[in-house]
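Note that ligands are numbered from 1 as they come in the structure, with each ligand's atoms numbered from 1 the same way. All values reported here derive from a predicted model rather than from experimental measurement. As a basis for the values below, the full set of heavy atoms in this structure was taken, side chains included, without hydrogen atoms, waters or symmetry mates.
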Amino acid sequence: MLLVSENRCRDNLVPYPLGISWVGSHLEAGGHEVSAVDLMFSDDPAADVRSAIRAFDPQVIGVSIRNIDNQDRHHPVFFPEEVRGNIEAIKEETAAPIVLGGAGFTIFPLECLEYFGLELGVVGEGEETFLQVVEHLDAGRDPSSLPGVAARRDGAGSVSPPTAHQDLDPLGSPDRALFDARRYGWAPGERGTPFVTNIQARRGCHMKCIYCPNPVIEGRDIRARDPRAVADELQELEEAYGIRFACFTDALFDQPPGYSAELCREIESRDLSLTWTCSMAPVNVEAGMLELMTRAGCVFVSVGNESGSDDILGALRKGFSKEEVAATIRGAKRVGLTVQCFLLLGGPGETRRTVEESIEFLDELGPQGVTVTVGLRVYPGCELHGIALRDGMVRPGQNLLYPAFYMAHEVEPWLYEHMRGACDERPGWVM
Ligand code: B12
Ligand code: SF4
């Protein structure tokens, strides 16, 4: 099997191709020979893919589609355009079946298959499903009705709902040699591109934020790995790969609280020198949790507040109040964590008053960083899609693979420029 990580986006922290390397480990555990190409470092992606195919002669090719676009209404970048050229190169080089997968693919399975002119893909977690697809193809059987498989033939498509791995431990850890983790090692404060390796301790998010496709990708049930396995993996990253900084990909590091505390204690017990970052929701953050996190090596937290107005937090169904956000930011700063907050502006109900309230709120609390986004990307399967249809911001049947955004009419004429100005005046605020 040849696995291709298509992601070449260097916005934000440059992510190690974690999901596809996990898919690779599972194939290896199933007895398959696996080779990998990471296009992040390629000067000529189509040529690199071609030479990998010539050298390895794969029976099946798995391609990971992580990002569709940069979620930026004002400076949009649409990633599939570049990927299409690489997929064309694969098609020219071999008749082996190409199977797509990944977070971006999972949100838009049939749209992606149509865009790339392909027939097969895997939605959701790919480990077991891809293994089964490969085994079906090997035996000459049609995999299209397997759970988690998206198929498109002669203009007609189907997506069978995926079954999530209830127990993550049998999956082991991703094979960090397949896509070389060393190339992603970076520590905060160093000069250069912020590449960073990542790690996942749990999958799923139970929250109901109206704009977020995360529960579509990972499901709503939180499933967590054995804390010892996660700590082992961090230890291996430090000792075998020289990694000095890691990023937890978990939607909410602090949930469920009992698990998070156990995980922190386990990491602390390893006495590692690597530090790490994670995202958390400011919901019932238990006293002592932030302290446990710092003792385990956490230095930086992203607090997914998105607004500083209770009206907007309610409209976005964030599930917490500005008071809870304030308590979390104060608590995190008190224990010495660097705090990153977010403003996601222009959603349903946004007004000049709520925008100013949000800015003042964060000015008062003083997190070290604030990332501002103006306009909300509309995704299928999210509540915001229905609201955007109602408010005339997208049309029924519109192909949302091509980025569409919700932007409240009342703030649209001035919000972007206003926030540019606000960011220019505030160190650490970026758009
Ligand atoms: C953590 C995260 C980040 C972190 C990454 C930190 C890091 N170092 O890893 C940060 C905050 C930096 C980030 C940044 C961005 N992100 Co982000 N991120 C995520 C998040 C929450 C998790 C991704 C992850 O690592 N998952 C864990 C791994 C194990 O899962 P996985 O990769 O999905 O793989 C599984 C399956 O997808 C599948 N699979 C994967 N590949 C393949 C291949 C094959 C062949 C098969 C069969 C299966 C398969 O099997 C895997 C194992 O089960 C996702 C949302 C989500 N829940 O997926 C968004 C997400 C991927 N990000 C998104 C975006 C847009 C971005 C940014 C462009 C935002 C921005 N403008 O800055 C940047 C781009 C970063 C970059 N350079 O690529 C979008 C992508 C959709 C879109 N519109 O394009 C998502 C889906 C969020 C969303 N809106 O819902 N992100
Ligand atoms: S808490 Fe975060 S990951 Fe979960 S639904 Fe809300 S925005 Fe998405």
Going by the atom numbers of ligand 1, which of them fall below 4.0 Å from some non-hydrogen atom of [X]?
X      : answer
Gly126 : 38 (C), 48 (C), 50 (O), 51 (C), 52 (C), 53 (O)
Val196 : 8 (N)
Gly124 : 36 (C), 37 (O), 38 (C), 50 (O)
Pro213 : 88 (C), 90 (O)

Nearest-0.5 Å distance, CD1 of residue Ile243 to CH2 of residue Trp186: 12.0 Å
Euclidean distance, Arg426 CZ relative to Ile359 CD1, rounded to 0.5 Å: 5.5 Å
Trp276 and Phe248 aromatic ring geometry - parallel, tilted or perpendicular at 30°/60° bounds: perpendicular
Mutual orientation of the aromatic rings belonging to Tyr416 and His74 [parallel < 30°, tilted 30-60°, perpendicular > 60°]: parallel
Nearest-neighbour protein heavy atom for atom 8 (Fe) of ligand 2, which is reported as residue plus atom name and distance: Cys212 SG, 2.3 Å
Nearest protein heavy atom with distance in Å, relative to atom 6 (Fe) of ligand 2: Cys209 SG, 2.3 Å
Taking distance alone, with no angle check, do [X] and ligand 1 share an N/O pair under 3.5 Å?
X     : result
Trp22 : no
Val14 : no
Asn70 : yes
Leu3  : no

Nearest heavy-atom neighbours spanning Gly24 and Leu3: CA-CD1, 3.4 Å
Where ligand 2 meets Tyr211 - atom numbers and elements under 4.0 angstrom, heavy-atom basis: 7 (S)
Sub-4.0 Å atoms of ligand 2 with respect to non-hydrogen atoms of Asn214: 3 (S), 8 (Fe)
Under-4.0 Å protein heavy-atom contact, atom 2 (Fe) of ligand 2: no
Any protein heavy atom nearer than 4.0 Å to atom 54 (C) of ligand 1: no
Lys318 to ligand 2, any heavy atom closer than 4.0 Å: yes
Arg228/Glu233 salt bridge by N-O under 4.0 Å criterion: no
Residue from Tyr241, Phe179, Phe195, Phe245 passing ring-ring contact (aromatic ring centres under 6.0 Å, His included) with Tyr184: Phe195
Pair Gln71, Arg377: side-chain N/O donor-acceptor within cut-off below 3.5 Å: no
